[in-house]
Every structure is written in structure tokens, then in C-alpha cells.
Amino acid sequence: MATMYDVPADDLIEALADDFEERLDEPDWGKFVKSGVDRELPPEQETFWATRAASLLRKVSDRGPVGVERLSTEYGGGKTSNRYQVAPDKRADGSKNLIRTILQQLEEEDLVETAEGEGRRITPAGQSLLDDTAGTVLEELDRPELERYA
């Protein structure tokens, strides 16, 4: 049986995002919100919400139990000052509201649960979804270097 570690992360996230497009509803404000302080504009991807949800599910499974604060630092970036172009970038976190809302939606789908005082961790149903999707992705991959895993 394939696990999420047996397939490339971008292929797994893409396959999970296809599943989440039907399961998760993007809020009305999702089209207008920036994904972090360091960004200038909202995301232009049509499937941004589902892609971020798939990425969050994978990160919670890999690093869980993990909190919103730690996840926001992983989705952050460098913020450049417009006034002083010669100054180095300052570290900026990603949008905590965006991450928290997606995690709440994943909890409603029973894929993630809250560990009191520790953050969020994946449920057996969430791990099963990840493993099943990884098996499907591994079968569909046409990459010779991954033949040994099949």
C-alpha cells in the first residue's frame, strides 16, 4: 500500500485538490483575501482554496499535531519595504484566518481533529484519504524512477 511519502508532494496535492473542489466550499471573502501580509494581490488560481486545503491536510499529517501559528509561518514569506529597497526582506507570516477557516472545514469533513493544547492532528479517515489518493497517484505516474515503489 502506498503512503503519502511514496509519491511526489505536488502530484499528491493536485489529486487531493481535485477531490476537495467538490467537498469544500470557498467562502465569499475567499476570492478577495490575500494569502499573507507579504503578498500584494489575492491568489489568481481558480482552485486556490482546494489546493491550499490539500496542502494543509498533508502538512498536518506530516507534522501533526501542529497549530495555526506554526502553519502560518510555513506559508509566510519575505516582506520587502517599498521605501527602503536596499534593506533585506523581513519575515512575514501567512494568513492565519485563511488557515484556520480551512482547518475548520477539514474538521467538519472529519479529516482533522483538535488535540487539546497541542493543535490539530489528522484522523484515521484523513490518513486513509491520503493513503488512497497516494495509491491512485502512484498508479497514474509515468516516471521510471518511481517504478520500484509500484
Checklist line | Closest contact, heavy atoms only, A50 versus A17 | finding: CB-O, 3.5 Å
Notebook entry, point to check: Side-chain contact, heavy-atom cut-off 4.5 Å: K59 with V66?
Noted result: no
Note to self: Could you walk me through whether E107 and T114 satisfy the side chain to side chain donor-acceptor pair (under 3.5 Å) test, starting with their C-alpha distance in whole Å, then the side-chain angles of each, then the deciding distance to 0.1 Å, before giving a yes or no?
What the structure shows: CA-CA 8 Å; E107 280 182 359; T114 302; 2.5 Å; yes
Margin query: Within the structure provided, determine whether R120 and Q104 are in side-chain contact (heavy-atom separation under 4.5 Å).
Written below: yes
Next item on the list: Quick one: closest heavy-atom pair of K34 and S95, and the distance?
Entry: O-CB, 3.9 Å
Notebook entry, point to check: Nearest heavy-atom pair of T3 and D131: which atoms, and what distance?
Noted result: CA-OD1, 3.7 Å
Next item on the list: Find the distance between CG (D110) and CG (L129) and round it off to the nearest 0.5 Å.
Entry: 11.5 Å
Note to self: Could you check whether any side-chain heavy atom of S55 comes within less than 4.5 Å of a side-chain heavy atom of E74, counting everything from C-beta outward?
What the structure shows: no
Notebook entry, point to check: Quick one: ring-ring contact (aromatic ring centres under 6.0 Å, His included) pairs with a partner in residues 19-69, sequence neighbours left out?
Noted result: W29-W49
Checklist line | Connected via hydrophobic side-chain network under 4.5 Å: I13 and L16 | finding: no
Next item on the list: Check whether any side-chain N or O of Q127 sits under 3.5 Å from a backbone N or O of S61 as a donor-acceptor pair, and report yes or no.
Entry: no
Checklist line | Criterion side chain to side chain contact (heavy atoms under 4.5 Å, CB included) against L57, the qualifying member of T133, I122, L12 | finding: I122
Item checked: side chain to side chain contact (heavy atoms under 4.5 Å, CB included) against S128, all qualifying residues, sequence neighbours excluded -> D132
Check: Just how far is it from atom CE of M4 to atom CG of D62, taken to the nearest 0.5 Å?
Finding: 4.0 Å
Notebook entry, point to check: Which is it for R70 and R63 under the side chain to side chain contact (heavy atoms under 4.5 Å, CB included) test, yes or no, and what are the steps along the way?
Noted result: CA-CA 10 Å; R70 172 117 358 122; R63 296 178 174 93; 5.9 Å; no
Notebook entry, point to check: Can D93 and E69 be said to form a side chain to side chain contact (heavy atoms under 4.5 Å, CB included), step by step?
Noted result: CA-CA 9 Å; D93 291 341; E69 185 75 29; 3.8 Å; yes
Enumerate donor-acceptor pairs with a distance under 3.5 Å from any side-chain N or O in residues 96-103 to protein atoms, sequence neighbours excluded.
from	atom 1	to	atom 2	distance (Å)
N97	OD1	T101	OG1	3.4
T101	OG1	N97	O	2.7

Check: Measuring from R52:CZ to Q45:CD, what's the distance to the nearest 0.5 Å?
Finding: 9.0 Å
Notebook entry, point to check: Tell me, do L24 and E108 make a side-chain contact under 4.5 Å, heavy atoms counted?
Noted result: no
Item checked: Validation row: P42, K31 side chains within 4.5 angstrom (heavy atoms) -> no
Next item on the list: Answer whether the closest heavy-atom distance between the side chains of R91 and T73 falls below 4.5 Å.
Entry: yes
Notebook entry, point to check: Looking at R23 and D19, does any basic side-chain N land under 4.0 Å from a carboxylate oxygen?
Noted result: yes
